[in-house]
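In this chain, numbering begins with 1 at the start of the sequence shown. The figures that follow rest on heavy atoms only: side chains count, while hydrogens, waters and symmetry mates do not.
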Amino acid sequence: MTRDGQVIHRRGVTEVPGLYFLGLSWQHTRGSALLGFAHADAAYLRGQITASARAAQPAATQPSPQLTA
């Protein structure tokens, strides 16, 4: 956060893993804070969250190597 209380983000994505914002004034466009126009920001964030989840998933789901004697 900045000294004046503004969130540090890029299009709603912060440097903190898993922390996203939607509906901020001028998040990406003038309409970002308006309910009727936030859909573009929501779609962008959905893509970012999905990509982040997919990137994290393979490491967690890979089987551990089998040891042979």
Common cluster, Leu22/Tyr44, ILVMFWY with side-chain heavy-atom separation under 4.5 Å: yes
- prompt: Does Leu19 share a hydrophobic cluster with Val13, counting links as ILVMFWY side-chain heavy atoms below 4.5 Å and allowing steps through other members?
  reply: no
Less than 3.5 Å apart, which donor and acceptor atoms pair up between the side chains of residues 28-39 and the rest of the protein, not counting sequence neighbours?
residue: His28; atom: ND1; partner: Arg11; partner atom: NE; Å: 3.2
residue: Thr29; atom: OG1; partner: Gly31; partner atom: N; Å: 3.4
residue: Ser32; atom: OG; partner: His28; partner atom: N; Å: 3.0
residue: Ser32; atom: OG; partner: Thr29; partner atom: N; Å: 3.0
residue: Ser32; atom: OG; partner: Thr29; partner atom: O; Å: 3.1
residue: Ser32; atom: OG; partner: Asp41; partner atom: OD2; Å: 2.6

message: To check you understand the geometry: which heavy-atom pair defines the closest contact between Phe21 and Leu45, and what is its length?
response: O-CD1, 3.0 Å
message: Looking at every non-hydrogen atom in both residues, tell me the closest pair between Thr14 and Val7 and how far apart they are.
response: CG2-CG1, 4.3 Å
message: Run the side-chain contact (heavy atoms from CB on, under 4.5 Å) test against Gln6 and tell me which residues pass, sequence neighbours left out.
response: Thr2, Asp4
message: Among residues at least two apart in sequence or on other chains, which ones pass side-chain contact (heavy atoms from CB on, under 4.5 Å) with Ser52?
response: Tyr20
